[in-house]
Amino acid sequence: METAPVTVPVLLPLALPAPYDYLVPDGARVEPGQFVVVPLGPVHYIAAVWRRPEGEEPPKIARKKLREIVEILDDVPKLPTVSLDFADWVSNYTLTSPGMVLRMMMSARSAFEPPAPRYGVRLSGPPPERMTPARARVLEAAKNGLSWVKSSLAEAAGVSPSVIDGLVDAGTLVAEPLPDWHAMPLDLARKRATLNPEQTEAATELLKHTGGGFAVSLLDGVTGSGKTEVYFEAIAQCLERGQQALVLLPEIALTGQFLARCEERFGARPAEWHSGVSPSMRGRVWRAVAENKAKLVAGARSALFLPFPDLGLIVVDEEHDQAYKQEDRVAYQARDMAVVRGHLGHCPVVLSSATPSIESLVNADQGRYRHIRLGTRYKAASLPAIQTVDMRKNPPERRHWLSPVLIEEMAATLERGEQVLLFLNRRGYAPVTLCRKCGFRFECPNCSAWLVEHRFRHRLECHHCGKFMPIPHECPSCGAEESLVACGPGVERIAEEVAEHFPEARRVLLSSDLTPSISELRETLREIEEREVDIIIGTQLVAKGHHFPGLALVGVVDADLGLAQGDPRAAERTFQLLSQVTGRAGRDAIKGRGLIQTYMPEHPVIAALVAGDRDTFLDREIAARRDAGLPPFGRLAAILVTAGSREAAEAYAREVARAAPEAEKIQVLGPAEAPLSVIRGRYRFRLLVKATREADLQTYLRVWLAQAPKAKGDIRLTVDIDPYSFL
DNA sequence: AATTCTTCGTTT
DNA sequence: AACGAAGAATTC
């Protein structure tokens with residue numbers, strides 16, 4: 001009798017609904033999590049051996065369809081079991097195919113290739129016969145006798161890499177293989193004594209919940225209260241146990257300052273994981289994490305999908321930050337997924353913020369999370385004094401946006417030799433450009449949005465699709481010359497106005513489109529920290545996770561900007577952003593001030609900021625959410641239908657809505673045309689699914705979408721669980 | 001994601 | 001009938 005062939009499920013990093021079965025080569029053994037090469041149709045893919053759900057019968061596919069695993073990648077570390085659990089969970093929760101989640105977990109191509117041996121150079125021979133200034137600088141830089149990566153030695157000495165090659169040829173430097181991962185020489189006791197009494201108390205409380213096993217702690221303390229030092233204690237505790245620790249930060253907060261603080265506390269830099277890390281470094285970090293060699297990782301949200309085999313702590317810093325919500329491809333909320341990852345891996349999670357999200361506060365109130373407060377005691381002393389500038393009473397000059405009150409305060413601050421930050425959450429020079437003669441406005445041809453003037457780059461840009469065009473001299477509609485006017489302010493225009501008032505001051509403009517690379521941003525932030533700058537003008541980039549010791553005054557140019565729309569999270573978001581940015585002022589020795597320009601000083605968000613009364617404001621927001629059955633008291637999902645034609649998108653969205661099954665605890669609203677009705681030439685309609693907390697939203701959606709008519713032609717349907725954006 | 005299969009409309 | 005392009009279906 002013929003024995004049944006040995007097959008295993010293999011998950012491919014593609015948008016397929018489930019793993020496929022493959023034959024295991026004769027005599028070979030494979031385990032779940034191992035990486036293999038399998039054929040699919042005519043091509044080969046790297047994929048991961050998955051596992052069969054408990055009790056499920058193996059192959060139900062025709063034997064002759066089965067194909068064999070081509071190669072077992074023994075040199076690639078396997079995915080730990082918890083990563084498989086996590087991928088399945090995320091796939092199930094977000095309604096995306098498991099393969100797409102695996103793809104996120106594999107987003108380090110070079111980890112799957114044999115690691116290229118790396119060579120370092122070390123001082124070992126006599127000085128070269130021919131000495132040059134460049135060579136001398138290299139010898140000076142390398143005199144510690146340690147092994148250097150060639151490029152970093154060249155950089156440290158300020159020479160080109162060929163100088164190093166020359167010295168290797170001369171026998172002065174010797175090349176030798178470097179270890180694939182430099183183990184971090186941890187020094188965990190280093191800085192323990194520097195905590196103040198309040199931090200010590202918070203740390204003691206926190207450590208009770210981070211000793212091992214799943215528990216979520218919300219570390220809630222005003223800006224400048226020293227939350228980082230407190231959670232560093234939990235990291236030290238985790239590393240002492242020999243386990244791995246992960247710190248998630250909003251990408252833009254992964255600054256040199258943060259890494260330096262880690263280094264100061266632990267004696268070594270953490271492994272970094274964010275979009276600025278080079279492909280080869282990504283591969284090395286991925287492997288080092290999988291091999292349990294990288295013990296401390298600081299990363300952006302995608303670091304959550306690294307293959308940690310022994311994760312002992314996850315910290316989500318600035319947990320309220322919108323950057324944790326990924327909207328494209330797999331839509332997920334990294335803060336929430338961090339809690340899930342902690343649960344699956346039996347490891348503690350710390351959420352840290354000065355302005356926690358309503359979700360986390362409610363979870364803390366209801367006892368699901370520990371609530372650890374920090375800084376409340378010194379609130380009056382440490383928080384900047386915040387005042388409004390009523391723009392109705394103190395209007396700026398015509399075609400200007402800074403009120404006399406703010407300008408005067410800026411002058412006084414500069415006089416004292418202290419720094420000023422002006423915040424406006426709007427990139428570019430002017431949000432709308434129009435023709436004075438005929439009223440024509442520049443609109444994006446692909447999106448329902450105005451083109452934003454970017455004066456530095458001499459062009460009009462669409463902030464939704466990236467379309468840009470040079471600024472014309474005449475109106476494209478009526479042909480009038482010199483008739484185009486920029487309407488409203490962007491940061492570039494504020495920078496111009498500042499230059500008018502303070503021509504002598506050293507100014508810097510920080511905006512994501514002007515400082516595209518992380519390293520450039522880090523350099524600018526360092527200059528500000530070193531007080532080589534007097535006035536900083538910036539978008540929300542400046543609000544995130546960096547502290548400027550010399551900063552005394554923060555001016556919010558337009559506080560009303562985020563409050564207008566009918567977005568249920570607008571008030572919360574504006575409050576978080578403005579407290580974050582005003583919280584930049586006055587740390588260390590300097591007493592800080594915040595001046596908020598507004599046309600509605602009586603608005604609850606503004607009033608709460610001025611009174612420093614977060615809790616009353618949030619209690620009202622929480623009550624409003626409860627009454628409306630919105631998250632976290634209810635659950636939401638958004639379904640977005642897009643198509644090249646308005647009619648097709650709308651018709652299909654209606655068909656889908658009509659197919660929605662009746663359910664007691666679930667309500668389907670819409671379709672409605674999205675507020676941004678066209679992006680990249682695609683028309684958008686939205687459905688909102690509103691459910692109670694108890695409802696099984698995912699199962700409902702799965703059943704619904706399976707029986708709904710399929711999207712044909714260029715129509716696309718995407719599901720966003722727990723949506724944050726309502727555009 | 002990449003390839004093959006189907007369909008439909010056009011050309012000779 | 002033959003050809004080609006565009007869309008749908010398939011891949012273990």
Side-chain angles (χ1 to χ4, degrees), chain A residues 2-73 76 78-79 84 87-88 90-91 94-113 279 302 305 326 328-331 641-645 647-649 651-652 655-656 659 680-683 705-719:
Chain A
E2 202 185 333
T3 55
V6 184
T7 67
V8 286
V10 173
L11 185 61
L12 289 110
L14 304 174
L16 300 169
Y20 280 179
D21 283 299
Y22 282 86
L23 293 165
V24 177
D26 252 358
R29 272 178 53 90
V30 290
E31 287 177 64
Q34 243 172 3
F35 286 96
V36 292
V37 177
V38 291
L40 182 74
V43 284
H44 285 180
Y45 286 99
I46 296 176
V49 176
W50 223 242
R51 54 205 169 163
R52 218 171 294 286
E54 198 112 1
E56 189 180 295
E57 285 305 307
K60 46 203 179 303
I61 4 146
R63 176 166 310 187
K64 64 176 181 185
K65 266 174 95 177
L66 282 173
R67 298 172 75 182
E68 195 168 85
I69 291 170
V70 170
E71 190 187 347
I72 298 169
L73 300 174
V76 180
K78 69 185 196 88
L79 283 180
L84 308 196
D88 284 337
V90 171
S91 154
T94 59
L95 282 101
T96 47
S97 65
M100 292 314 280
V101 182
L102 175 65
R103 179 187 272 262
M104 290 200 293
M105 288 186 168
M106 293 172 65
S107 62
R109 273 164 169 262
S110 65
F112 300 93
E113 290 151 14
S302 59
F305 293 92
Q326 167 149 24
D328 55 333
R329 291 205 189 98
V330 183
V641 173
T642 69
S645 95
E647 293 68 35
Y652 180 66
E655 271 183 75
V656 171
R680 293 172 193 276
R682 296 182 62 83
Y683 291 77
L705 296 176
Q707 55 159 56
K710 276 199 263 177
K712 291 211 183 84
D714 74 337
I715 302 171
R716 295 283 172 279
L717 181 151
T718 51
V719 179

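Every chain is numbered from 1 and lettered A, B, ... according to where its sequence line falls, protein lines coming before strand lines. Atoms considered below: every heavy atom in the structure, side chains included; atoms not considered: hydrogens, waters and symmetry mates.
The nucleotide whose nearest atom lies closest to any side-chain atom of K65(A) is, among dT11(C), dA1(B), dA2(B), dT11(C). In the set dC12(C), dA2(B), dA9(C), the nucleotide with an atom closest to the side chain of K710(A) is dA9(C).
Note on L16(A): a base of the nucleic acid sits closer than 4.0 angstrom, heavy atoms only. When heavy atoms are screened at a 4.0 angstrom cut-off, P39(A) is found touching the sugar-phosphate backbone but no base atom.
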Practice task
Would you please test L705(A) and L717(A) for side-chain contact (heavy atoms from CB on, under 4.5 Å) and show each step?
Solution key: CA-CA 10 Å; L705(A) 296 176; L717(A) 181 151; 4.2 Å; yes
Practice task
Apply side-chain contact (heavy atoms from CB on, under 4.5 Å) to the pair R682(A) and R716(A), showing each step before the final yes or no.
Solution key: CA-CA 10 Å; R682(A) 296 182 62 83; R716(A) 295 283 172 279; 3.5 Å; yes
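One atom, CG of D21(A), and another, P of dC12(C), lie 11 Å apart when rounded to the nearest Å. The CG-P distance, from L40(A) to dT4(B), rounds to 12 Å in whole Å. One atom, CZ of R52(A), and another, C1' of dC12(C), lie 11 Å apart when rounded to the nearest Å. Here the P atom of nucleotide dA2(B) and the CG atom of L12(A) are 13 Å apart, to the nearest Å. dC12(C) atom C1' lies 14 Å from atom OH of Y45(A), rounded to whole Å. In this structure, I69(A) atom CD1 and dC12(C) atom P are separated by 13 Å, rounded to whole Å. If you measure from atom OH of Y22(A) to atom P of dT11(C), you get 11 Å, rounded to the nearest angstrom. A straight line from CD1 of I715(A) to C1' of dA8(C) spans 14 Å, rounded to a whole angstrom.
Taken to the nearest 0.5 Å, the OG atom of S97(A) stands 8.0 Å off from the CG atom of L11(A).
No donor-acceptor distance shorter than 3.5 angstrom exists from the side chain of D21(A) to the backbone of T7(A), with no hydrogens or angles considered.
Contact check, K712(A) against dG7(C): no side-chain N or O comes under 4.0 Å of OP1 or OP2.
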